[in-house]
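Hydrogens, waters and symmetry mates are skipped; everything else that's a heavy atom, side chains included, is used. We name chains A, B, ... by the order of the sequence lines, and we start the count at 1 in each one.
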Amino acid sequence: VLRPRVIPCLLLKNGLLVRSESFREHQIIGNPVHQVERYSAWAVDELVYLDITREGEHDLGRDDQKIKSASSVLDILDEVARSCFVPLTFGGGIRTVQDVRERLARGADKVTINTAGLEEPEFLTEVAGTFGSQALVVSIDARATDGGWEAMAAGGTRATGRDVATWAAEAERRGAGEIFLNSVDRDGMGDGYDLDLVRSVVQATTIPVIACGGVGRFKHLAKAFAAGASAAAAANIFHFSEHSTQRAKRELRALGIPVRMAGIDARA
Amino acid sequence: LIAIVDYGMGNLRSVRNALDRVGAESALVDDPASLRAADRVVLPGVGAFPDAIAALRERGLADALRTFAAEGRPLLGICLGMQLLASRSSEFGDHDGLGLIPGSVELLAPGDGLRVPHVGWNDLEVRPAGADMFATAGDEPTFYFVHSYEFRPSAPEAIAGVTDYGGPVTAAVADGRVWGVQFHPEKSAEDGLALLARFAAC
């Protein structure tokens, strides 16, 4: 049976891992390369790294007491790929076919594209045609509007007027292999996914949908699967506690969801 | 030395990283002479069948792979690399494959409202032909799949493992030391690394 996927989403800013709230508050929480070794041991199903550094903000060279910043996202990707033996998705700031090529060559299996696709939908067609649909995840940042949701560009800061479900369907037609669906409103709130949003995109597409945004308790992950998502992603909840993915999976198993245990003792 | 065939299709870095992790020495190889010099060959691949077989022929690698296999030397096809072992594929028309394991490659039709491509972690049921390949697999192994087409061998005995996606889907094939896996062992955590270690020692 196909196992529902549980995916930690790691946010990078200026080469450091950060936590996010409402797409605005970004608190530094660690070194991205150390984290991958831990997740590898925790039976994660997949890893998503999103670089949320804004243009012109690169290389601030911030060195906190214990956290040393890495140089560039591509160097980070090199390091992460060396010890990541689950599917690895890398996204953020991708604008050209060359950007995609560089990331895949350094060990990413998939890239996420968001703003560049909204501005130039033909870019999605080009990426899927060049690298295959399996390498293209279209990321959508959804914000609730009166009676629906609209896709936001530029890290949730710019409204596009595009209806999210309609845009997801177009992304699929243009060759997207999966949709990574984030809720700007729920980001960092911890009160669960926007399940109506998840359902609306699942209904509008036939490709896998990865739900993200709002998980505050492990049982929230289960709700995404019930809403039709193929994968449940979360960021903050996986950052702050040891063995978090193992504990999440035990809880999901107890709820009757056949997640992949990979050696985790379901009873512990 | 394990030669990883570099013909412009697929994420070779991941395969290389995984072989490094299991302590197997490997090199990227894009010409017939280097391929002949290797002890073992991994044929990876992501993308469309017609482009891939054309790229192999263009570089003289299709014949080199057939010779390598005919000499009884170990060959492992991964994902599209496994499908290329077939006699033919119906992806974007009708195309000949390497013909190392008789059978054809057809579009998945899982029914039950299941989505195509088949993406994610799935279980494996080992068949007799897979006894050697999966000898070191753990209990209830799971592997990462991402594919829209499936290899249907002419002889069921060539099926080394199946997974369930709206019915049985070929997950692995084997004929002597020619092995193929539809999933990505380099992306299948401990279960995948165990398979690669097995191949490196077979």
[X], part contacting chain B, at a heavy-atom distance under 4.5 Å:
X: A/Ala105; value: backbone
X: A/Leu2; value: both
X: A/Thr205; value: both
X: A/Ala108; value: backbone

Proximal component of [X], with respect to chain A [non-hydrogen, under 4.5 Å]:
X: B/His118; value: side chain
X: B/Leu12; value: neither
X: B/Val119; value: both

Original post:
When rounded to the nearest 0.5 angstrom, what distance separates NE2 in B/His147 from CD in A/Gln134?
Top reply: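 Between atom NE2 of B/His147 and atom CD of A/Gln134 there are 12.5 Å.
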Original post:
At what distance, to the nearest 0.5 angstrom, does CZ of A/Phe85 lie from CD of B/Glu186?
Top reply: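 Result: 10.0 Å between the selected atoms.
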For the student: nearest non-hydrogen atoms of [X] and [Y], plus distance:
X: A/Val86; Y: B/Ala189; result: CG1-CB, 4.1 Å
X: A/Gly107; Y: B/Ser14; result: O-OG, 3.9 Å
X: A/Ser83; Y: B/Arg21; result: CB-NH2, 3.5 Å
X: A/Asp78; Y: B/Arg13; result: OD1-NH1, 3.2 Å

**OP:** Applying side-chain contact (heavy atoms from CB on, under 4.5 Å), run through A/Arg3 and B/Asp123 and close with a yes or a no.
**Re:** CA-CA 8 Å; A/Arg3 307 308 185 102; B/Asp123 306 306; 2.5 Å; yes
Under 3.5 Å: donor-acceptor pair, side chain of [X], backbone of [Y]:
X: B/Asn17; Y: A/Ala81; value: yes
X: B/Trp121; Y: A/Arg260; value: no
X: B/Asp164; Y: A/Val1; value: no

Original post:
Got more than 12 heavy atoms from elsewhere within 6.0 Å of CD, B/Glu25?
Top reply: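 Not more than 12 within 6.0 Å, no.
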**OP:** Evaluate the side-chain contact (heavy atoms from CB on, under 4.5 Å) criterion for residues A/Leu88 and B/Lys187: first the C-alpha distance (whole Å), next the side-chain angles of each, then the deciding distance (0.1 Å), finally the verdict.
**Re:** CA-CA 8 Å; A/Leu88 177 61; B/Lys187 289 289 161 182; 4.1 Å; yes
